[in-house]
Amino acid sequence: MNNPPPMDADRPTGAEATARWARGAMLYDASRLDQPSAAVFDRAHWRGRGLDEQAGGRGTIAFIHDGSRRWVLRHYCRGGFAANLSRDAYLWLGEAHARSFLEFRLLRQLLEWRLPVPVPVAAGYQRAGLAYRADLLTEELPTRRTLVHALREGPLPAERWREIGR
């Protein structure tokens with residue numbers, strides 16, 4: 001397999017670590033999160049310390065600006081027909097299949113390939129019977145401009161579409 005071209009910025013990740021609690025667990029980058037706990041996924045924990053919540057996709061996104069930390073906290077929400085049954089609960093198939101853990105590891109792999117993706121900080125889940133809920137904490141990208149925002153301003157030139165495709 002060919003390696004993707006290098007990025008401009010070097011954003012290495014630290015060692016992957018795991019923390020567990022009664023009905024859940026988290027993966028985290030030990031170089032970016034020094035006190036792992038379920039509290040990092042609790043928006044109430046961040047209120048008054050630089051939390052900005054904005055509507056997005058299937059739910060709200062929390063932007064955390066706490067000192068030098070600029071993070072994005074996303075709670076996994078259902079889409080499509082499944083959203084009619086549950087807003088945010090997923091069937092528990094084991095820790096290795098938790099959506100947040102899968103995305104955390106995928107982002108780390110994409111960074112290894114030097115692709116321009118957010119750096120994962122932590123991924124967590126909380127179990128409840130046969131279901132679980134999940135969250136992902138990443139470093140904030142330099143711009144919050146989404147493709148939807150860009151398209152609202154007008155059509156994109158062909159070269160920009162090629163860049164997006166790459």
Side-chain angles (χ1 to χ4, degrees), residues 1 3-4 6-54 56-80 82-83 85-144 146:
M1 172 187 277
N3 285 336
M7 287 179 21
D8 293 336
D10 185 24
R11 299 178 296 164
T13 57
E16 180 182 299
T18 306
R20 300 188 185 286
W21 50 86
R23 300 197 53 87
M26 71 186 294
L27 286 179
Y28 66 98
D29 182 330
S31 71
R32 289 179 164 74
L33 184 66
D34 54 355
Q35 296 179 339
S37 76
V40 300
F41 303 115
D42 183 1
R43 293 175 188 218
H45 171 78
W46 297 108
R47 286 200 175 90
R49 295 169 58 176
L51 180 75
D52 175 26
E53 294 179 285
Q54 296 184 9
R58 296 179 184 164
T60 59
I61 305 294
F63 293 92
I64 299 165
H65 298 161
D66 183 32
S68 64
R69 297 185 287 200
R70 299 183 66 81
W71 291 342
V72 178
L73 175 59
R74 181 169 53 91
H75 182 71
Y76 285 79
C77 293
R78 304 294 307 228
L85 303 173
S86 173
R87 186 181 82 75
D88 64 350
Y90 295 86
L91 179 63
W92 179 252
L93 298 173
E95 188 171 273
H97 299 284
R99 290 171 179 257
S100 56
F101 279 29
L102 291 170
E103 187 168 350
F104 180 91
R105 289 184 170 133
L106 174 63
L107 288 171
R108 288 174 64 92
Q109 179 62 63
L110 294 174
L111 282 168
E112 247 182 66
W113 291 339
R114 303 182 60 74
L115 292 170
V117 297
V119 175
V121 176
Y125 69 83
Q126 186 72 33
R127 287 198 53 201
L130 295 175
Y132 75 97
R133 289 172 171 76
D135 299 278
L136 181 68
L137 185 66
T138 60
E139 287 188 356
E140 184 178 344
L141 291 172
T143 179
R144 290 190 197 175
T146 66

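Residue numbers start at 1 and run along the sequence shown. Only this structure's heavy atoms are used, side chains among them; waters, hydrogens and symmetry mates stay out. Computed from a predicted model, the values in this text were never measured in an experiment.
- When all heavy atoms of S100 and A134 are compared, the closest pair comes out as OG-CB, 3.6 Å.
- Looking at residues two or more places apart in sequence or on another chain, you find a side-chain contact (heavy atoms from CB on, under 4.5 Å) between D66 and W46, R49, I64, R69.
- Nearest heavy-atom pair across L33 and A122 is CD2-CB, 4.0 Å.
- A distance of 6.5 Å separates CG in L111 from CG in L107, rounded to the nearest 0.5 Å.
- To the nearest 0.5 Å, atoms CH2 (W71) and CD (E140) are separated by 12.5 Å.
- Under the ring-ring contact (aromatic ring centres under 6.0 Å, His included) criterion, F41 pairs with no residue at all, not counting sequence neighbours.
- The local environment of CG in L130 is sparse, with at most 12 non-hydrogen atoms from other residues, nucleotides or ligands closer than 6.0 Å.
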side-chain contact (heavy atoms from CB on, under 4.5 Å) between R74 and T138, worked out:
CA-CA 8 Å; R74 181 169 53 91; T138 60; over 6 Å; no
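- In this structure A39 satisfies the side-chain contact (heavy atoms from CB on, under 4.5 Å) test together with S37, H45, sequence neighbours excluded.
- Residues passing the side-chain hydrogen bond (donor to acceptor under 3.5 Å, both in side chains) test with R23: none are found, sequence neighbours excluded.
- Taking Q35 as the reference, nothing meets the side-chain contact (heavy atoms from CB on, under 4.5 Å) condition, with sequence neighbours excluded.
- Residues passing the side-chain hydrogen bond (donor to acceptor under 3.5 Å, both in side chains) test with E53, sequence neighbours excluded: R43, R47.
- In this structure, E95 and A25 approach most closely via the heavy-atom pair OE1-CB, 3.6 Å.
- With sequence neighbours left out, D88 forms a side-chain hydrogen bond (donor to acceptor under 3.5 Å, both in side chains) with H75, R133.
- Atom CZ of F104 is separated from atom CG of L137 by 9.5 Å, given to the nearest 0.5 angstrom.
- Listed here is the closest heavy atom pair of R108 and A15: NH2-C, 4.2 Å.
- Here ring-ring contact (aromatic ring centres under 6.0 Å, His included) pairs that include residues 13-40, with residues two or more places apart or in two chains, number zero.
- Remark: H97 pairs with no residue by the side-chain hydrogen bond (donor to acceptor under 3.5 Å, both in side chains) rule, at least two apart or across chains.
- Put simply, the side chain of R127 gets close to the backbone of G129: a donor and an acceptor are under 3.5 Å apart.
- Between the D29 side chain and the G14 main chain, a donor and an acceptor come within less than 3.5 Å of each other.
- Here the straight-line distance linking atom CD of E103 with atom CG of L110 works out to 9.5 Å at 0.5 Å rounding.
- By the salt bridge (charged side-chain N to carboxylate O under 4.0 Å, His left out) test, R105 pairs with E16, sequence neighbours left out.
- Atom CG of residue L73 and atom CG of residue D42 lie 9.0 Å apart, to the nearest 0.5 angstrom.
- The two atoms that bring R87 and C77 nearest to each other are NH1-SG, 3.1 Å, heavy atoms only.
- Applying the ring-ring contact (aromatic ring centres under 6.0 Å, His included) rule to W92 yields the partners Y125, Y132; only residues at least two apart in sequence or on another chain are considered.
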